[in-house]
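These values consider heavy atoms only, across backbone and side chains, with no hydrogens, waters or symmetry-generated copies. Throughout, residue positions are numbered sequentially from 1 according to the sequence presented. In listed order, ligands and their atoms are each counted from 1.
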Amino acid sequence: MTKSYRIVAIQGEGIGLEVVEAALLVLQAVAKRHNFTVQVDAAIIGQKAFEQYGCYFPEETAELCAGSDGILFGAVNKGGLLELRQRFDFFANLRPVKTSPSLLAKSSLKAEKLKGVDILFVRELVSGIYFGKSHRGDDFGYHTMYYQDWQIKRIAHVALQKAQARKKHVTVAHKENALPNLPWTRLVKELSTNYPDVQVETMLVDNLAMQLVLNPQQFDVILAGNLFGDILSDLGGALVGSVGLLGSASLNSEGLGMYEPVHGTAPDIAGQKIANPLGAIASVMMMLEQWGEHLAVESVQTAWQNILDRGYRTADLNPQGAEILVNTQELVELFLASL
Ligand code: IPM
Ligand code: MN
């Protein structure tokens, strides 16, 4: 029997519209080739939802997402995203950053520092300072970085498990010299006795940021809380040459996930149909991986490599010399031709 999946597509705003549309075409093509079907329900959050329902994350959208096999998300400027993450407890945010041999010259770092860089950022996504007690007074305000120990432990488990299937090394970002009541070091080290094959290293987050630029090759899995993970993972965009290349998955403990490019709405180029769809396509690959459709992932991966090796580049990658400038649709057509 043909396997069938149902996903919810939330395009959002800015280039979210263009890249989700593009990624869906690639998804449908790879589904056809590997004999499964994907039903796509469209839903809205953010500004559009506010105009239509008076709230950024309408119940209609939540109900469509519940019981689906995944959410493909574009980008929003404001509103809805944090609610969506929290509603489905998408606590485990995975952001892989892997340099590609044909794009080494695109980064501002030297190619020799970038060769072989393959980092997985594991970011806690539903707690920390984003969700702690906060208040705005007349002339003051605060946000609280609050973590239950179990919340740190459950994201640490994810990082340790991922490391087991990789190079067996986890670097834990912390700031215990100023924030000693959030003992990431102790909690993760305690847990890691269950993963004797994984080496755990802890690093103050400010030093970690510097190390990512000085010597990114030293890292395998980087584990961080919500805010530190947000900041550090953007550095990943600088390493690979364009944030437009990066995808992400945010998973809950049942394995439901939302899949989202890292780049955001990019209002400066929105609507011009020149956005790089690779971040959204990378996110689709993570969804396929989560479904266990490994052959489909391989097909997209091969097409991806092939297209980059032949020199096709969207504008964010600043094509030079023999490289060929393509827009969103042209890049998608290259995928459709090779799938
Ligand atoms: C991200 C974004 C979001 C975050 C914003 C839009 C709230 O920067 O997904 O990295 O900080 O989590
Ligand atoms: Mn961010």
Q) Nearest to atom 11 (O) of ligand 1, what protein heavy atom do you find, and at what distance? A) Y130 OH, 2.5 Å
Q) Where does the angle between the aromatic ring planes of Y56 and F50 fall among parallel (under 30°), tilted (30 to 60°) and perpendicular (over 60°)? A) parallel
Q. Hey, what do you get for CG (N306) to CD (Q301), rounding to the nearest 0.5 Å?
A. 11.5 Å
Q. So which bit of R85 gets within less than 4.0 Å of ligand 1, heavy atoms only: side chain, backbone, both or neither?
A. side chain
Q | Under 3.5 Å: N/O of R123 near N/O of ligand 1 | A | yes
Q. Does a donor on one side chain and an acceptor on the other come within less than 3.5 Å for T328 and E18?
A. no
Q) Among all protein non-hydrogen atoms, which one is nearest to atom 6 (C) of ligand 1, and what is the separation to 0.1 Å? A) L81 CD2, 4.1 Å
Q) What's the shortest distance from atom 8 (O) of ligand 1 to any protein heavy atom, and which residue and atom give it? A) D230 OD1, 3.3 Å
(Q) For Y5 and W291, take the angle between the two ring planes, folded into 0 to 90°, and tell me which bin it lands in: parallel under 30, tilted 30 to 60, perpendicular over 60. (A) parallel
Q. Should the pair E330-K273 be classified as a salt bridge under the 4.0 Å nitrogen-to-oxygen rule?
A. no
(Q) With the threshold set at under 4.0 angstrom, would you say H263 reaches ligand 1 through any of its heavy atoms? (A) no
(Q) To check you understand the geometry: which heavy-atom pair defines the closest contact between A275 and T314, and what is its length? (A) O-CG2, 4.1 Å
Q. So, for atom 4 (C) of ligand 1, does the protein have a heavy atom nearer than 4.0 Å?
A. yes
Q. What is the nearest protein non-hydrogen atom to atom 1 (C) of ligand 1, stated with its residue, atom name and distance?
A. R95 NH2, 3.3 Å
Q | Backbone or side-chain N/O/S of D230 under 2.8 Å of the Mn ion (ligand 2) | A | yes
Q: Verify salt bridge (Lys or Arg N to Asp or Glu O under 4.0 Å) between D89 and R154, making sure each step is shown before the conclusion.
A: CA-CA 12 Å; D89 198 26; R154 77 169 173 170; 2.9 Å; yes
Q) What part of K78 sits under 4.0 Å from ligand 1 if we count only heavy atoms: the side chain, the backbone, both or neither? A) neither
